[in-house]
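Here is the structure we will look at, set down as structure tokens.
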Amino acid sequence: MADNDDCRSGPTRRDYVKFGGTVLGGGLLAGCAGGGSDATITTSDAVSTTETDTEGATETPDTETSDGSYSVSMAPVGEVEFDAVPERALTYYPVSADAAVAFGHGDAITGIGYDKELFGNTVDYYYDALDGVEFEWEELGRVTPASNPNALDRELFYELDSDVHFLDPCLLRGPSFDWTEDEVASIAADVGPWFGNYYSRTNADPPEPCRDRYEHYTLWEYLGHIAAVFRAEERYRAFKSLRDDLVARIRADLPPASERPSLAVVADTGGTFWPYDFTGDGYLWAHLRPFGMQNAFAATDAQTGSDGSYDYEAMVETAPDVVLRYWGTALGDSFRSNREEVLSNPLADEVPAFRDGRYYPSGNGMQGPIMNLFQLEMTAKQLFPERFGAWPGYGDGESYPEIPEAERLFDRERVADIVAGEF
């Protein structure tokens with residue numbers, strides 16, 4: 001996926017959703033400036049993006065006008081004014097798709113990014129465990145051409161006619177897509193505004209045109225801004241309370257750091273393993289950070305290949321106690337076949353994780369509120385089965401496996417009730 005055709009000339013600017021304040025100027029129109037000091041949505045300055053216990057909360061917007069319009073401010077898009085709650089929303093990454101569903105606006109989703117089946121399985125994997133919660137992705141549009149998932153078709157943004165695009169305009173200005181400022185600005189003005197913050201994914205620097213006033217957010221700060229767009233602050237606070245209770249429960253029962261297993265998070269193909277540094281900053285690792293795990297690759301002298309990958313011999317030297325396959329939950333039978341191949345390798349008995357069968361599918365870091373809850377529970381069971389109950393396996397490989405009610409770490413019915421607006 002992208003760390004990831006001319007616009008129509010002359011269309012009138014839609015009235016449904018619009019930029020407010022001074023947003024219609026220069027780089028701000030392109031979405032490449034900070035939120036400014038007049039942010040409608042504020043976050044706690046006292047909370048670090050690397051915080052492990054809690055994440056900053058987002059306050060309810062208080063700038064609603066007499067005509068019912070309201071504004072939400074977030075870096076890098078600045079202040080965005082909405083005449084009404086968006087009824088059509090492009091959710092390019094799973095974080096915003098899952099958030100739209102969680103906050104009661106799944107029906108607003110018009111389109112998604114990259115391969116639809118992979119995207120759909122990434123989000124929908126968890127929903128079978130929840131009564132009445134669904135993600136109907138099959139008929140959704142997509143703005144990435146099927147022949148090139150690392151490109152965007154600008155014409156499709158017009159065809160989908162979304163009231164808001166949950167996609168960071170600074171990402172569009174970067175090398176993955178290489179849009180011009182005018183190309184970004186025309187869709188914001190003619191169709192609907194951009195609203196995304198991609199580079200908080202790993203707290204990386206955005207492209208140079210956006211760098212001066214960019215701001216990084218924790219996962220739950222970011223989700224709070226999305227909730228504000230949908231005027232779903234009560235649902236947000238209910239989900240945030242569930243998440244905080246779950247993290248507190250997990251952290252209260254963790255063993256001392258010296259007794260925790262070493263962990264490797266990888267992508268792998270045919271016995272070649274590409275490592276992830278899950279100890280870094282950013283919301284990509286919000287489902288792993290609370291566990292305070294040691295990265296097995298950081299403690300080894302094993303040599304990587306020229307592309308940064310490890311071969312099986314290097315995995316023997318690294319000797320992780322647990323291996324998680326990043327995004328493995330969306331791969332279904334593909335992961336299960338890969339797992340059998342990995343564990344049947346002649347060197348498997350020399351890698352503790354493989355010898356003990358502790359090679360598990362993990363989730364995706366571009367996670368919304370529902371995904372985050374399930375991925376925290378899943379990780380707890382995979383890393384510490386003696387404390388949180390054993391991970392039950394793979395089921396059909398297409399949905400989150402059934403866990404006995406007494407062994408669940410959060411209340412499924414409560415989640416379904418929040419989605420339904422029943423508090």
Side-chain angles (χ1 to χ4, degrees), residues 1-4 27-28 30-36 39 43 45 47-52 55-56 73-78 91-99 113-114 119 122 144 149-152 165-181 184 194-226 265-267 274-290 293 295 297-298 304 307-309 324 326-327 362-368 371-372 375:
M1 306 316 137
D3 242 9
N4 3 303
L28 283 171
C32 292
T43 52
D45 293 331
V47 180
S48 166
T49 54
T50 58
E51 190 74 46
T52 56
E55 293 197 10
S73 184
M74 182 183 74
V77 296
T91 58
Y92 187 82
Y93 285 113
V95 57
S96 53
D98 187 45
Y114 53 88
F119 189 114
T122 299
T144 50
N150 293 319
L152 288 173
H165 303 101
F166 288 109
L167 179 59
D168 189 341
C170 293
L171 177 63
L172 304 182
R173 299 297 310 281
S176 294
F177 297 116
D178 199 28
W179 282 23
T180 67
E181 181 173 335
V184 173
W194 307 102
F195 199 90
N197 186 296
Y198 174 80
Y199 293 94
S200 290
R201 174 180 175 267
T202 57
N203 285 13
D205 287 332
E208 186 62 39
C210 301
R211 196 164 295 173
D212 287 349
R213 298 180 64 190
Y214 206 90
E215 183 177 350
H216 293 123
Y217 300 102
T218 67
L219 174 63
W220 284 86
E221 288 172 341
Y222 186 24
L223 293 174
H225 288 84
I226 296 175
V265 178
V266 303
W274 286 270
Y276 291 90
D277 181 10
F278 59 87
T279 64
D281 293 339
Y283 59 70
L284 195 67
W285 307 117
H287 61 301
L288 290 171
R289 187 172 295 115
M293 302 300 294
N295 182 359
F297 293 111
T304 63
D307 60 353
S309 66
L324 300 183
Y326 182 73
W327 213 348
S362 190
N364 184 283
M366 302 295 278
Q367 58 201 299
M371 293 171 64
N372 184 233
Q375 291 181 172

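Keep in mind the model is a prediction, meaning the values are calculated, not measured.
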Residue pair Leu284, Met366: steps toward the side chain to side chain contact (heavy atoms under 4.5 Å, CB included) verdict
CA-CA 6 Å; Leu284 195 67; Met366 302 295 278; 4.3 Å; yes

For Ala75 and Asn197, work out which heavy atoms get closest and say how close.
O-ND2, 2.8 Å

Quick check: closest heavy atoms across Thr144 and Ala151, and the distance to 0.1 Å?
CG2-O, 3.3 Å

Run Gln367 and Asn372 through side chain to side chain contact (heavy atoms under 4.5 Å, CB included) and show every step you take.
CA-CA 6 Å; Gln367 58 201 299; Asn372 184 233; 3.0 Å; yes

Side chains of Pro169 and Val77: closer than 4.5 Å at any heavy-atom pair?
yes

Do Val265 and Pro275 have side chains that get closer than 4.5 Å, going by heavy atoms?
no

Is the side chain of Arg213 donor-acceptor paired with the backbone N or O of Gly78 at a distance under 3.5 Å, no angle test?
no

Taking the side chain from Arg173 and the backbone from Trp179, do they hold a donor-acceptor pair closer than 3.5 Å?
yes

To the nearest 0.5 Å, what is the distance between CG (Asp168) and OG (Ser200)?
8.5 Å

How about Trp327 and Ser362: does a side-chain donor come under 3.5 Å of a side-chain acceptor?
no

Report the residue from Asp98, Thr122, Val95 that forms a side-chain contact (heavy atoms from CB on, under 4.5 Å) with Asn364.
Thr122

Between Tyr199 and His216, does the ring centroid distance fall short of 6.0 Å?
no

Heavy-atom pair with the smallest gap, counting every atom of Arg289 and Gly280:
NH2-O, 2.8 Å

Please tell me if the side chains of Phe278 and Met293 come closer than 4.5 Å, counting only heavy atoms from C-beta onward.
yes

Indicate yes or no for a side-chain donor-acceptor contact from Tyr92 to the backbone of Tyr114 under 3.5 Å, with no hydrogens or angles considered.
no

How long is the span from the OH atom in Tyr198 to the CG atom in Leu171, to the nearest 0.5 Å?
6.0 Å

May I ask you to decide if the ring planes of Tyr276 and Trp285 are parallel, tilted or perpendicular, using 30° and 60° as cut-offs?
perpendicular

How far apart are the C-alpha atoms of Phe297 and Asp277, what are their side-chain angles, what is the distance that settles it, and do they pass the side chain to side chain contact (heavy atoms under 4.5 Å, CB included) test?
CA-CA 8 Å; Phe297 293 111; Asp277 181 10; over 6 Å; no

Side-chain donor/acceptor of Thr218 to backbone N/O of Glu221, under 3.5 Å:
yes

Closest heavy-atom contact between Tyr214 and Cys170?
CE1-SG, 3.9 Å

Report the C-alpha distance between Trp274 and Val266 in whole Å, list the side-chain angles of each, state the deciding distance to 0.1 Å, and finish with yes or no for side chain to side chain contact (heavy atoms under 4.5 Å, CB included).
CA-CA 5 Å; Trp274 286 270; Val266 303; over 6 Å; no

Can the ring centroids of Tyr283 and Tyr222 be said to lie less than 6.0 angstrom from one another?
yes

Are the side chains of Trp194 and Leu172 in touch, meaning some heavy atoms are under 4.5 Å apart?
yes

Which of parallel (below 30°), tilted (30 to 60°) and perpendicular (above 60°) describes Tyr217 and His225?
tilted

In short, Ser309 meets Asp307 closest at the heavy-atom pair OG-OD1, 2.7 Å

Distance-minimising heavy-atom pair for Leu223 and Ala99:
CD2-CB, 4.0 Å

Does Arg211 reach the main-chain N or O of Pro206 with its side chain, forming a donor-acceptor pair under 3.5 Å?
yes

